[in-house]
Amino acid sequence: MARMPSTERRAQLVEAAIRAMTRDGVARTTTRSICAEAGVSLSVFHYCFDSKQALLEAAIQAINATYVARVKSAVEPKATLRETVRAGLRTYWEHVTAHPGEHMLTYDLTQYALREPGFEHLARAQYEQYIASAAVLVDRVRETHGAGNRLPADVVGRYLAAAIDGLTLQYLALGDEQGALHNLDMTADQLVAMLEE
C-alpha cells in the first residue's frame, strides 16, 4: 500500500464509505467493508478516524459539499430571477435522477443516526448543514439578481431545504419524474415569490 498523506487517506475512506453505504445500506456497512472497498487495512481506518461515527459525519459533510458546489455552479445570472432559481433547482435535480442511490443514502444516514444511540447529533448536524447551505444559495441568488431581502436567508433556506427534501423522497418512493419536475417548477415559483418580497 502506497504511503499517502492522512487527509488524502481520509478522503479515500470517505469515498469508499459512500460507495459501500450506497450499495449495502448504512446498517450493513462495517468498518471492515469500508476498508475492503478502499483497499486499505483496518489499522489505516483507525489511524484516520476515531470511530464509525466520525466517518459518518465526514461522509455527510462530503455529500452535502458536493451538492452545494454543483448548485452554486448553476447559480449564474439568467435573464430572470425565475430562470436563475429554476436552473439551480434543475441542476440539483439532475443529480437526483442520475444518482438516486446516493440520495437514498442521505435518508438512510438520517434514519440510522436517529435510531442509533449516541449518533442522534449526526442527524441534527446533517439537517443544519442542509439549511445553512440552502441559505448560502439564497444569498447567492439575491446577489446575482438584487432580489429583496424581507425574509431572512435562513428562513428561506429552511423552506428550500424542507421542500427539496420532500420532493426528493417523494421521487425516490414514487419514481414519477414528470410529477417531480412539475413540483420542482412550483417550488421555483414559490421561491421567486419569497425572494421578490
Distance (rounded to the nearest 0.5 Å) between [X] [atom1] and [Y] [atom2]:
{"X": "Arg28", "Y": "Asp108", "atom1": "CZ", "atom2": "CG", "result": "8.5 Å"}
{"X": "His95", "Y": "Thr168", "atom1": "NE2", "atom2": "OG1", "result": "11.5 Å"}
{"X": "His103", "Y": "Ile63", "atom1": "NE2", "atom2": "CD1", "result": "9.0 Å"}
{"X": "Glu196", "Y": "Arg82", "atom1": "CD", "atom2": "CZ", "result": "11.0 Å"}

| note | Which of His145, Arg140, Lys78 passes side chain to side chain donor-acceptor pair (under 3.5 Å) with Thr84? It is His145
| said: Students often mix this up, so state it plainly: with edges at 30° and 60°, are the rings of Tyr130 and Tyr127 parallel, tilted or perpendicular? | reply: perpendicular
| field | Sequence neighbours excluded, every pair satisfying side-chain hydrogen bond (donor to acceptor under 3.5 Å, both in side chains) that has a member inside residues 171-184 | value | Gln170-Asn183
| Under the side-chain hydrogen bond (donor to acceptor under 3.5 Å, both in side chains) rule, what pairs show up with a residue in residues 154-163, not counting sequence neighbours? | Tyr159-Gln190
| field | From CA spacing to verdict: side chain to side chain contact (heavy atoms under 4.5 Å, CB included), Trp93, Leu167 | value | CA-CA 10 Å; Trp93 202 254; Leu167 288 172; 4.1 Å; yes
| query | Hey, which of Leu160, Leu137, Asp185 is the one that makes side-chain contact (heavy atoms from CB on, under 4.5 Å) with Leu89? | reply | Leu160
| said: Under a 3.5 Å cutoff, is there a donor and acceptor pairing between the side chains of Ser33 and Asp24? | reply: no
| message | For Arg115, I'd like to know if atom CZ has over 12 heavy atoms of other residues, nucleotides or ligands within 6.0 Å. | response | no
